Amino acid sequence: MSLKDIFCQDNAISILQRAYASDKSPHAYIFAGAEGIGKFKTAREWARLLLCNSIVTEDGFSDSCGSCQSCRMFDAGSHPDFHHIYKELLEFTTDGKGRKPPLKFPIDVVREFVIDKVSNKPGVSQRKVFVLTEGEKLNIESQNCLLKVLEEPPEYCTIILLCARMERLLPTTKSRCQIIRFLPIAEERIIDKLKRMGLNGRKSQYFARLAQGSLGQACQWAQLELADAELYQTKKELLSSVAGLEYADALELAEWLMGESKKIAAVWAELDENTSKKDISRRAAKTLVQVITSALHDTMTLNLPRSENLINFDQKEQIKKLAQRLGPEEAAEKIAGAYQTMRWIESAVNERLIFEQLLLNLAVSDKIKI
Amino acid sequence: MKVEFSRAALGDALGLLTSVVPSRTPKPILRCVRVMGSEKEVRVFATDLEVGINILVSEVQVKEVGDVVIPADRLAAIVRESTDDVLSLEAEEGTCQIKGADSQFTIYGQEAEQYPAVPGFEGRADIEVALGTLQAGIAQSLFATAKESTRYALNGVLWEISGKKLLLVATDGRRLARCRVNLASAPAQETAAAKMIVPAKTMSLLDKLGGSDTDVVGIKLIDNQVVIGCGNVVISSTLVEGNFPKYEDIIPTDYEKKLRLPTEAVLSAVRRSALLTTEESRGIKLSIGRDVMVFSGRAPETGDARVEMPVDYKAEPVEIGFNPQFLIDVLRVIKAEEFDLELGQQDRPGLIKSGANFLYVLMPINLG
């Protein structure tokens, strides 16, 4: 793996390359873009390049050499000048022993793994690189604590914040960094990848479309599917039920959905032991809401010319049924509601209430008007 | 690899080594030590990526050369609990066996190539200083470093070389300690006026080094690192970035109120008068009048303390408040029986001197 092997992020990489070539790289970056589209991979390879002791430049494209001491240590994960900071590091802070993996990025991690470390000069390379993942989870205290370092880090430092939701960052944080946007990845690329992982064509295409350009997200779902979480089966059943959902059945369906969400979370937790359990159950719940959103999305676009690109291409009948009672505008409203639901999941609202509310809203509402 | 160790010698080496190994770290390999046997010698390494240590183990017999990385706490515990005089260590493909007369331990290690490099001491030292002198200097400066400061430079001790002297300076913004240490030989040309800031952690590790006072410590500056060799031990450390404050300007030179005080007695008086202070009003008052000095502490709504001491003082009377902890810290490290206290006005810092080599400046506090 090296910088040139990262595909589909040509724009971001060319910005980085230009900055490097002109010798004016800023000391702080924000890599902005949805989850799972290669922000961390790019940050990692960019760090490898910055730390490399004999950088190779070919046709104006610079890359790390892969064979110097720095690159070898980097690949072994023991480079003293590369710091990957993530919220689960809390466990390794001074008072963090036995503490559960947090949901927010705690200030202790920022203090002990960033603020305290920037002052030590680099050991092996000429520079030091800090990569903070899940920057959107930095709470206000943590961000304020970072400001001083973001503003003027020692000259050898590069700090990269990865962020999926820019509105969560304070204006003071944003103004101190150069923002580089990462775009969604093309569908065919994701399908290719999923097929190589061992998923069949139908499922690959569905998950690729559901992921909306997030390769990482699609891969996670594919892994779940391969680990028998039956995500695809759940989706099919869910859509069939939603298509003709009666008011009376909504609560029962919500109950079932909660069970499915728990089942998926359990498989997920086995695959990903480092992430907090709570985070994973939130992700599982969000995945299911995303499935519903995708159906609404299809409903909305069904009558448009490019309707062959349905996400739920495999359940077109159900979508048509849904479209009979939901016009495009109504569907759009429901999508907005679904996104609101996803935000509620993040704010730790009771899961049962969330599903009930979501499904009641989707049920046939001829008889009872709210 | 196959090596026979003397248990005592290996235990000594591991004792020092484990003080570098981080107790909790996201990188599991850092919790290991690397044991490397070559034809001539056996070296053990540990690092936390900031401070590295490299020890030549004495009293060994190398039967087969090799390299192994194994968990430090396990190895140290096995060596500590064993009863044999000689332990043999065999390693093959990452698995390590330690055998005593009646015992056998198998530990699974990690890949040796992935262990971060720990520099050795190569070539001639830039600076040389006797271990005893250096450790005395560390004791008199390290305590004054800042514990958690966003002014990075204050988290370490400044080493300033000038001629055949080394100045060790530490401050946390409210007090400053400066200690002058004599070098064992004239420094190399290029380091004759070098300055560097060494992290507090490295300084305390140096303080733990065993050896006789006359052992010579060799110090080398390479890029952003300092490598310190003493006998069988080589310590390497990254340096702290930043500009150390221009401390010369705050050392007062115009004071006329001077008195010589007994160290032990003053330490006791400060401790006693501090008994009646509180977290909020942490401060004791020193009132110096003609031939008498009074230490007083007051805790609101609780009570107050007063300790008197006869002194030889003829100048103008003065009253000044200090944080008792800052006084206790410095009086503990003054080895001489007497020290000099110099004062200016109430709002100017106090100056403590011991001999020609040690100096301490501390800010007064307002007692209201």
Side-chain angles (χ1 to χ4, degrees), chain A residues 53 68-70 72-99 101 107-128 144-157 274, chain B residues 20 22-32 34 45-52 69 110-119 145-158 195-202 221-227 236-244:
Chain A
N53 287 328
C68 67
Q69 190 201 5
S70 162
R72 275 184 285 125
M73 289 177 89
F74 194 94
D75 293 340
S78 59
H79 201 296
D81 304 324
F82 175 69
H83 300 258
H84 175 208
I85 296 122
Y86 44 96
K87 61 187 170 53
E88 283 81 10
L89 279 177
L90 180 67
E91 198 189 330
F92 302 107
T93 57
T94 325
D95 311 321
K97 197 170 186 188
R99 278 169 77 176
I107 191 166
D108 287 352
V109 173
V110 174
R111 279 212 187 106
E112 289 187 30
F113 288 91
V114 186
I115 314 286
D116 289 357
K117 302 281 178 190
V118 288
S119 60
N120 281 9
K121 293 189 182 180
V124 173
S125 306
Q126 299 304 312
R127 303 193 66 80
K128 259 175 118 112
N144 282 332
C145 175
L146 267 178
L147 290 182
K148 168 91 167 61
V149 174
L150 284 179
E151 172 119 26
E152 41 173 14
E155 36 126 17
Y156 48 73
C157 268
N274 290 328
Chain B
V20 172
S23 58
R24 280 180 294 141
T25 163
K27 293 180 180 166
I29 202 163
L30 298 184
R31 303 202 50 198
C32 295
R34 179 177 186 180
F45 306 91
T47 177
D48 68 353
L49 298 180
E50 279 161 18
V51 182
V69 171
Q110 306 217 17
E111 273 181 55
E113 290 92 59
Q114 300 201 340
Y115 201 78
V118 180
T145 51
K147 298 295 170 286
E148 284 170 350
S149 176
T150 44
R151 295 169 68 192
Y152 317 130
L154 303 190
N155 296 329
V157 176
L158 174 73
K195 279 185 188 185
M196 59 182 174
I197 306 168
V198 181
K201 188 177 173 187
T202 314
L221 285 166
I222 312 166
D223 295 332
N224 289 328
Q225 281 201 312
V226 59
V227 182
S236 49
S237 164
T238 52
L239 296 175
V240 179
E241 159 68 13
N243 294 321
F244 205 79

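Quick note on labels: first sequence line is chain A, next is B, and so on, each numbered from 1. Predicted model only: the values in this text are computed from it and were never measured.
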Practice prompt. First locate atom CE of A/M73, then atom CG of B/L49, and finally report the distance between them rounded to the nearest 0.5 Å.
Written response: 7.0 Å
Worksheet entry | Test ring pair (Phe, Tyr, Trp, His ring centres under 6.0 Å) applied to A/H83 - qualifying residues, sequence neighbours left out | A/F130
Fill in: A/K117 bridged to B/E50 by N-O distance under 4.0 Å
yes
Worksheet item: In terms of heavy-atom contacts, does CD of A/Q126 have more than 12 from other residues, nucleotides or ligands at under 6.0 Å?
Response: no
Worksheet item: Any residues in residues 87-94 of chain A near chain B, with a heavy-atom distance under 4.5 Å, and which are they?
Response: A/L89, A/E91, A/F92, A/T93, A/T94
Worksheet entry | chain B contact via A/H79 - side chain, backbone, both or neither, heavy atoms under 4.5 Å | backbone
Item to complete: Taking all non-hydrogen atoms of both residues into account, name the closest pair between B/A117 and A/Q69 and its distance.
Response: CB-NE2, 3.7 Å
Practice prompt. Working to the nearest 0.5 Å, report the span between CD of B/Q114 and CZ of A/R72.
Written response: 12.0 Å
Item to complete: Report the C-alpha distance between B/L239 and A/N120 in whole Å, list the side-chain angles of each, state the deciding distance to 0.1 Å, and finish with yes or no for side chain to side chain contact (heavy atoms under 4.5 Å, CB included).
Response: CA-CA 6 Å; B/L239 296 175; A/N120 281 9; over 6 Å; no
